[in-house]
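Notes follow once the structure below has been shown.
Note that these values count all heavy atoms, side chains included, but never hydrogens, waters or copies made by symmetry. Computed from a prediction, not measured in an experiment: that's the story for all the values here. In the text below, chain A, chain B and the rest are named by the order of the sequence lines, each starting its count at 1.
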Number of protein chains: 2
Amino acid sequence: MSVKKQPVTASDVAKLAGVSQSTVSRVFIDGSSVSAAAREKVFAAAKELNYRPNAFARSLTTNESKLIGLVFPDSDYPIHMETLQLLSKELQKNGYSAVLIPWELDAQQQHSIPNIFQYRVDGVMAASAQFNTALYEECQDFNIPIVQFARVEEGTSCSSAISDNYSAGKLAARTLVERGAKKLAYLTGDIPSYTNNERLEGFTEELTDLTGSAPREINTSYVYEQALEGIRAVLAADDRPDAFFCSTDILAIALMDVAKNEFGLSIPEDFQVLGFDDIPQASWLGYQLSTFKQDFNRLAKEAVKQLLKQVQTDDQTMVKLMIPVELVERGTLRSK
Amino acid sequence: MSVKKQPVTASDVAKLAGVSQSTVSRVFIDGSSVSAAAREKVFAAAKELNYRPNAFARSLTTNESKLIGLVFPDSDYPIHMETLQLLSKELQKNGYSAVLIPWELDAQQQHSIPNIFQYRVDGVMAASAQFNTALYEECQDFNIPIVQFARVEEGTSCSSAISDNYSAGKLAARTLVERGAKKLAYLTGDIPSYTNNERLEGFTEELTDLTGSAPREINTSYVYEQALEGIRAVLAADDRPDAFFCSTDILAIALMDVAKNEFGLSIPEDFQVLGFDDIPQASWLGYQLSTFKQDFNRLAKEAVKQLLKQVQTDDQTMVKLMIPVELVERGTLRSK
DNA sequence: CTGAAAGCGCTTACAG
DNA sequence: CTGAAAGCGCTTACAG
């Protein structure tokens, strides 16, 4: 074992400061009654000894760890890194730290999820696209609040902070119709999700209201390479849509890539495209994709706020926070 | 405060199993001597009560937390998410968990780094592009091993696992010259880094050996949007290079984007391009970028292995692990 | 192999 | 405001 420097404890500080250990402890607890004089002496001693309260010892008595388990996004989808930053910083701001819970566990490893609970996280933020049932049940068992970030798993009861996908869908329909689209399609991946359904529902309802007919729904894969084939089929057919609302920017980009590179088509002349997410690539020179931007900053703030509320109070009311989405116009829509 | 269920402790399990609390404890420690009979009884009781050893209590006595602080990548660079997954899973595999240390802290927040040390992480993995001096000093003070992932900060003494940038640079020069390039350039960003220097050095040395002259060095920004202007200037000038070795794929893509979209140039006809990283976009239809692929899987494995070695033994020898890089040929190089 | 007991570094009533 | 003491849930010599 490594020769770890003997850590300095509250008692060491107490000795140097000439006060009791209890007093040292109080100095580091907000709202404790300590005289200014004692406080000074303790701070001085603590600084000299480079003292840090031991969070483990603390949580042993307080029964709260100030640790939040973070189930983080699985794919390398371009915005996830930012999301993680936001979430982590927001937690930090509130005095909490994030412990990573790797989402991908095979059957044999399933038992390692419980391991995370050896650390007694106060709450769990689920930001992964996959939803881990074992994790969910474990949280239920231990009465640990869990909130879902930018996702909703149906059939579970946890709070969530998500973008207003339904309204985005409606706005997409309205916008595309306004710009003269006649044959609209909704291009999406292969994994069903609540957020995707909401978006499709909004899109369909609004379009039906406006034109009397529903959009064509095209299912392919969320993975660029695997989406290509399906897209080729759609573009090659006679009934090619003249407007696509894509459920991710990656899909929109895959669509544009095959349209331009393999079919010699122009956008928005041959068809209009609307994406979703506003990933960095959406603004690249070759794409200039019009898309919906999710307010991840606000999503993170709200999600953390809600989680901490559930952690710190008895109020376990499940709430679904809806954050508006913004249409970012670039070059893949016709002008009005 | 929330009504947290009273957690079940080793004593509860002991009572139910009809053994002492010490025995329960031993059952959950690998290598302790416990009779098979006792072990069975304890497991049964633990299962029934849904018992999880409290890691905080444990680390209070063992003086090790099995927690690794993870300073994670700052940008939304497309491969970082994968890296995080790999690192986190590798740690998990070894019985450790990762606590996030947000890298971006303004002056006022600098004190929040020390806070992370209230959790007594056993080691720190620095995977961020930025290097936080406060963190580094804190680690030194507390004698906490730190290893750098895919980066090296000069003037500090910590181990690191990085790609063999020097050899990649040499191979880039050799390859480009082989393919007939005469006017070679090295296109890079604005933030100097050890890894970038190594790559440039390899590139320069090999090129000088081969042709007698050094490459032209072009500095712009690592951010797509901000790189555009500099690239335009280079492409507009008379002395346009006929081959670019780019220090990131993002730069290579920005270069190709302006070349095609604004100058009507073709690649590799008008010039050849070699990237670095092999981000997902490199294989997109519109790019087909030839590039160097870093072996992040191996980097993660080695980095974790090294960190845990330093955590668990007295051997604090600083090592710099060099992982080979692979050239992925796609469409931006001429044929031999 | 196993139990009783001390101790890890804190917080928190309880007295004063 | 402050100190002495109990207690949080474990691990680990120490005896047996």
Side-chain angles (χ1 to χ4, degrees), chain A residues 1 4-43 45-46 49-67 95 115 117-120 122 142, chain B residues 1 4-43 45-46 49-67 95 115 117-120 122 142:
Chain A
M1 287 299 128
K4 223 171 272 182
K5 216 188 285 179
Q6 197 50 32
V8 2
T9 72
S11 300
D12 299 328
V13 176
K15 208 174 299 165
L16 182 61
V19 299
S20 75
Q21 184 263 310
S22 321
T23 298
V24 173
S25 178
R26 287 196 186 93
V27 167
F28 290 95
I29 297 173
D30 283 340
S32 291
S33 51
V34 192
S35 67
R39 194 177 295 272
E40 286 316 305
K41 284 189 293 185
V42 169
F43 273 145
L49 298 176
N50 205 10
Y51 169 69
R52 304 272 180 277
N54 184 323
F56 298 148
R58 165 177 296 163
S59 75
L60 210 50
T61 45
T62 60
N63 205 23
E64 54 173 21
S65 63
K66 299 280 182 184
L67 246 28
N115 285 345
F117 286 92
Q118 296 189 179
Y119 291 104
R120 308 293 143 104
D122 292 334
F142 288 90
Chain B
M1 288 298 129
K4 224 171 268 180
K5 215 188 285 180
Q6 198 50 30
V8 4
T9 72
S11 301
D12 300 328
V13 177
K15 208 173 299 164
L16 181 62
V19 298
S20 74
Q21 184 263 312
S22 321
T23 299
V24 174
S25 177
R26 287 193 187 94
V27 167
F28 291 94
I29 297 173
D30 283 339
S32 291
S33 52
V34 192
S35 68
R39 193 178 297 271
E40 286 317 304
K41 284 189 292 184
V42 169
F43 273 144
L49 298 177
N50 206 11
Y51 169 68
R52 303 272 179 277
N54 184 322
F56 298 149
R58 166 176 295 162
S59 77
L60 210 50
T61 46
T62 60
N63 204 23
E64 55 172 22
S65 63
K66 300 280 183 184
L67 247 26
N115 285 346
F117 287 92
Q118 297 190 359
Y119 291 103
R120 308 293 144 105
D122 292 336
F142 287 90

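Closest approach of A:Ala46 to A:Phe28, counting heavy atoms only: CB-CZ, 3.9 Å.
Residues passing the side chain to side chain contact (heavy atoms under 4.5 Å, CB included) test with A:Ala45 are A:Val13, A:Leu16, A:Ala17, sequence neighbours excluded. Judged as a side chain to side chain contact (heavy atoms under 4.5 Å, CB included), and not counting sequence neighbours, the contacts of B:Ser35 are B:Ala37, B:Ala38. With sequence neighbours left out, the side chain to side chain contact (heavy atoms under 4.5 Å, CB included) criterion links A:Ile29 to A:Ser25, A:Ser32. In this structure, B:Tyr119 has no ring pair (Phe, Tyr, Trp, His ring centres under 6.0 Å) partners at least two apart in sequence or on a different chain.
Dashed line: the shortest gap from a side-chain N or O of B:Ser35 to OP1 or OP2 of C:dC1 is not under 4.0 Å. For D:dG3, the OP1/OP2 oxygens have a side-chain nitrogen or oxygen of A:Thr23 closer than 4.0 Å. A close approach under 4.0 Å does not occur between any side-chain nitrogen or oxygen of B:Thr62 and OP1 or OP2 of D:dC10. Neither OP1 nor OP2 of D:dG9 sits under 4.0 Å from any side-chain N or O of A:Tyr119.
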(request) Determine which bases of DNA chain C form Watson-Crick or G-U wobble pairs with both distances under 3.5 Å, and write the result as a 5' to 3' dot-bracket string with | for other-strand partners. (result) |||.||||||||.|||

(message) Pair A:Arg58, B:Gln118 - check side chain to side chain contact (heavy atoms under 4.5 Å, CB included), show working.
(response) CA-CA 10 Å; A:Arg58 165 177 296 163; B:Gln118 297 190 359; 3.8 Å; yes

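If you take CD of B:Glu64 and P of D:dC10, they are 16 Å apart, rounded to a whole angstrom. In this structure, the CD1 atom of B:Ile29 is 13 Å from the C1' atom of D:dA13, given to the nearest Å. Rounded to an integer number of Å, the gap from A:Leu60 CG to D:dC8 C1' is 4 Å. Atom P of nucleotide C:dT12 and atom CZ of A:Phe28 are separated by 15 Å, given to the nearest angstrom. With rounding to whole Å, B:Phe56 atom CZ is found 12 Å from D:dG9 atom C1'. Following rounding to the nearest Å, B:Arg58 (CZ) and C:dC8 (P) show an atom-to-atom distance of 19 Å. What separates CZ of B:Arg26 from P of D:dC14 is a distance of 14 Å, to the nearest Å. Put simply, CG on A:Asn63 is 21 Å from P on C:dG9, counting in whole angstrom units.
At a threshold of 4.0 angstrom between heavy atoms, the contacts of B:Thr9 are confined to the sugar-phosphate backbone, with no base atom among them. Note on B:Ala38: only backbone sugar-phosphate atoms sit closer than 4.0 angstrom, heavy atoms only; bases stay farther off.
A 4.5 Å side-chain heavy-atom check between B:Asp12 and B:Tyr51 finds every atom pair outside the cut-off. Within the 4.5 Å cutoff, the side chain of B:Ser22 has heavy atoms near those of the B:Arg26 side chain. For the pair B:Thr9 and B:Asn54, the minimum side-chain heavy-atom distance is 4.5 Å or more.
Near DNA chain C, meaning a heavy atom under 4.0 Å away, the residues from residues 13-22 of chain A are A:Gln21, A:Ser22.
Position along DNA chain C of the nearest nucleotide to B:Ala37 versus B:Thr61 favours B:Ala37 as the more 5'-ward residue.
Across C:dG16 and C:dT12, the matching C1' atoms stand 16 Å from one another, rounded to whole Å.
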